[in-house]
Amino acid sequence: MSVLDRFEKSVEGAVNGVFSKFGSKDLQPVDLSSALEREIDAQAMPVGRDRTVAPNEYRFQLSTPDFDRIEQWGSEALANELADNLTKYAESQHYAFVGPVVVIFEEDLELSKGDFHLVSESVQGNAAPATAASDSQDCPVLEINGRQYLLTAPSTVIGRGSACDIVIDDPGISRKHLQIDITDKGVIARDLGSTNGTYVEGHQVPAATLLDGNTITIGRTRILYWDSSQEQAGQ
């Protein structure tokens with residue numbers, strides 16, 4: 001089953017088939033996902049012998065009917081689904097990012113129903129998905145649900161809310177749950193007043209200095225911490 005097939009099934013499951021009620025001429029999630037893949041292929045640029053960097057921020061300009069329909073359905077959930085799908089596609093193409101992958105919907109009063117424009121750019125962020133072993137930037141790494149994130153900034157916020165640097169879909173996680181700070185004294189995990197707390201190596205802590213290989217648990221999600229991306233690339 002292709003990534004797009006899995007995406008369609010996951011979206012249909014998530015929204016109980018809401019989009020299947022629309023006519024064949026209406027804009028579908030798979031149309032947006034296909035457009036994202038075309039855009040990333042067109043804009044990805046080699047920056048070295050073993051590194052190709054792709055845009056990480058994508059803005060869809062939509063007609064008012066399509067924008068309203070997506071807002072009614074749940075634009076945040078769809079944006080996160082599209083971003084996750086695009087990250088998986090980037091992994092298969094060995095593209096790298098300079099920050100988290102973000103999909104944004106905007107209304108354009110000039111567009112007709114079913115039409116859209118897509119623009120993209122690279123925006124430096126706090127946590128870039130590690131999509132290939134060639135991601136040569138050496139920095140701490142978090143492994144979450146089988147995916148690795150390079151901690152590229154002094155502070156990274158993790159939670160369920162779309163404004164976080166790393167978004168995790170887990171009902172046991174607060175909208176802003178955990179912050180990872182890179183300091184001169186070490187890498188520190190700080191709980192942000194979450195409802196269910198933050199656990200490091202099984203112990204609930206308000207803050208803790210992380211050691212290589214530590215396990216952080218928030219909600220039902222386990223996060224592995226590694227000191228160096230270079231060590232992970234060599235495994």
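Scope of the values below: all heavy atoms of this structure, side chains included, with no hydrogens, waters or symmetry mates.
Using a 4.0 Å cut-off between charged nitrogen and carboxylate oxygen, R69 and D66 count as a salt-bridge pair.
Contact annotation: the side chain of D115 never approaches that of S63 to less than 4.5 Å [non-hydrogen atoms, C-beta and beyond]. The side-chain heavy atoms of L210 and I180, taken from C-beta on, include a pair separated by under 4.5 Å. E110 has its side chain within reach of D108: a pair of non-hydrogen atoms, C-beta onward, lies under 4.5 Å apart. Taking the side chain as every heavy atom from C-beta outward, V103 and L86 never approach each other to under 4.5 Å. At least one side-chain heavy atom of W226 sits less than 4.5 Å from a side-chain heavy atom of D212. Residues R147 and T87 form a side-chain contact, since some pair of their non-hydrogen atoms from C-beta on lies under 4.5 Å apart. You'll find the side chain of F97 stays beyond 4.5 Å of the side chain of T152, heavy atoms only. For the pair V141 and L150, the minimum side-chain heavy-atom distance is below 4.5 Å.
In terms of hydrophobic clustering, with Ile, Leu, Val, Met, Phe, Trp and Tyr side chains grouped at heavy-atom distances under 4.5 Å, I70 and L111 are assigned to different clusters. Using a 4.5 Å cut-off between side-chain heavy atoms of Ile, Leu, Val, Met, Phe, Trp and Tyr, with links allowed through other members, I158 and V102 fall into different hydrophobic clusters. Tracing side-chain contacts under 4.5 Å through hydrophobic residues (I, L, V, M, F, W, Y), one never reaches I218 starting from V167; they form parts of separate clusters. When the side chains of ILVMFWY residues are joined at heavy-atom separations under 4.5 Å, either directly or via intervening members, L118 and L62 end up in a single hydrophobic cluster. Cluster annotation: Y199 and L142 are assigned to distinct hydrophobic clusters (Ile/Leu/Val/Met/Phe/Trp/Tyr, side-chain heavy-atom contacts under 4.5 Å, transitive).
Side-chain atoms of S34 do not come within 3.5 Å of backbone N or O of D31 as any donor-acceptor pair. The main-chain N or O of Y225 is never found under 3.5 Å from a side-chain atom of N214 such that the two would form a donor-acceptor pair. Judged purely by atom type and a 3.5 angstrom limit, D170 has no side-chain atom pairing as donor or acceptor with the backbone of G219. Not one N or O on the side chain of D181 forms a donor-acceptor pair closer than 3.5 Å with the backbone of S155. At least one donor-acceptor pair under 3.5 Å links the side chain of R160 to the backbone N or O of I173.
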Stepwise side-chain contact (heavy atoms from CB on, under 4.5 Å) test for I104 and E57: CA-CA 8 Å; I104 300 168; E57 183 173 290; 4.1 Å; yes

D41 vs Y89, side-chain contact (heavy atoms from CB on, under 4.5 Å): CA-CA, chis, key distance, verdict: CA-CA 10 Å; D41 285 338; Y89 179 76; 2.7 Å; yes

side-chain contact (heavy atoms from CB on, under 4.5 Å) between Q179 and V157, intermediate numbers included: CA-CA 4 Å; Q179 182 169 306; V157 176; 3.8 Å; yes

Candidate pair T64 and D68, rule side-chain contact (heavy atoms from CB on, under 4.5 Å), full reasoning: CA-CA 6 Å; T64 297; D68 290 343; 3.4 Å; yes

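Residues L32 and F60 approach most closely at O-CZ, 3.4 Å, considering heavy atoms. Contact record, P140 with V187: CG-CG2, 4.2 Å, taken as the closest heavy-atom pair. Between P129 and G99, the shortest heavy-atom distance links the atoms CD-O, 3.4 Å. Heavy-atom minimum distance, L27 versus G114: CD1-O, 4.0 Å. Of all the heavy atoms in D191 and V205, the pair that sits closest is CB-O, 4.0 Å. Minimum interatomic distance between A207 and I188 (heavy atoms only, all atoms of both residues): CB-CG2, 4.3 Å.
We find the CZ-CG distance between R190 and L178 to be 10.5 Å, quoted to the nearest 0.5 Å. Here the CZ atom belonging to R222 is positioned 4.5 Å from the OG1 atom belonging to T215, to the nearest 0.5 angstrom. For the atom pair CD1 of I166 and CG of L151, the computed distance is 6.0 Å after rounding to the nearest 0.5 Å. The CD atom of Q43 sits 11.0 Å away from atom CD of E121, with the distance rounded to the nearest 0.5 Å. Remark: E37 CD to K88 NZ distance equals 12.0 Å, nearest 0.5 Å. Distance check: D165 CG to K176 NZ gives 9.0 Å after rounding to the nearest 0.5 Å.
Side-chain N/O atoms of Y58 and N56 include no donor and acceptor closer than 3.5 Å. Judged by distance alone, the side chains of E39 and S120 do bring a donor and an acceptor atom under 3.5 Å apart.
Annotation: D169, atom CG; neighbour count of heavy atoms from other residues, nucleotides and ligands within 6.0 Å does not exceed 12. Open room surrounds CD on Q72; 12 or fewer heavy atoms of other groups in view lie less than 6.0 Å from it.
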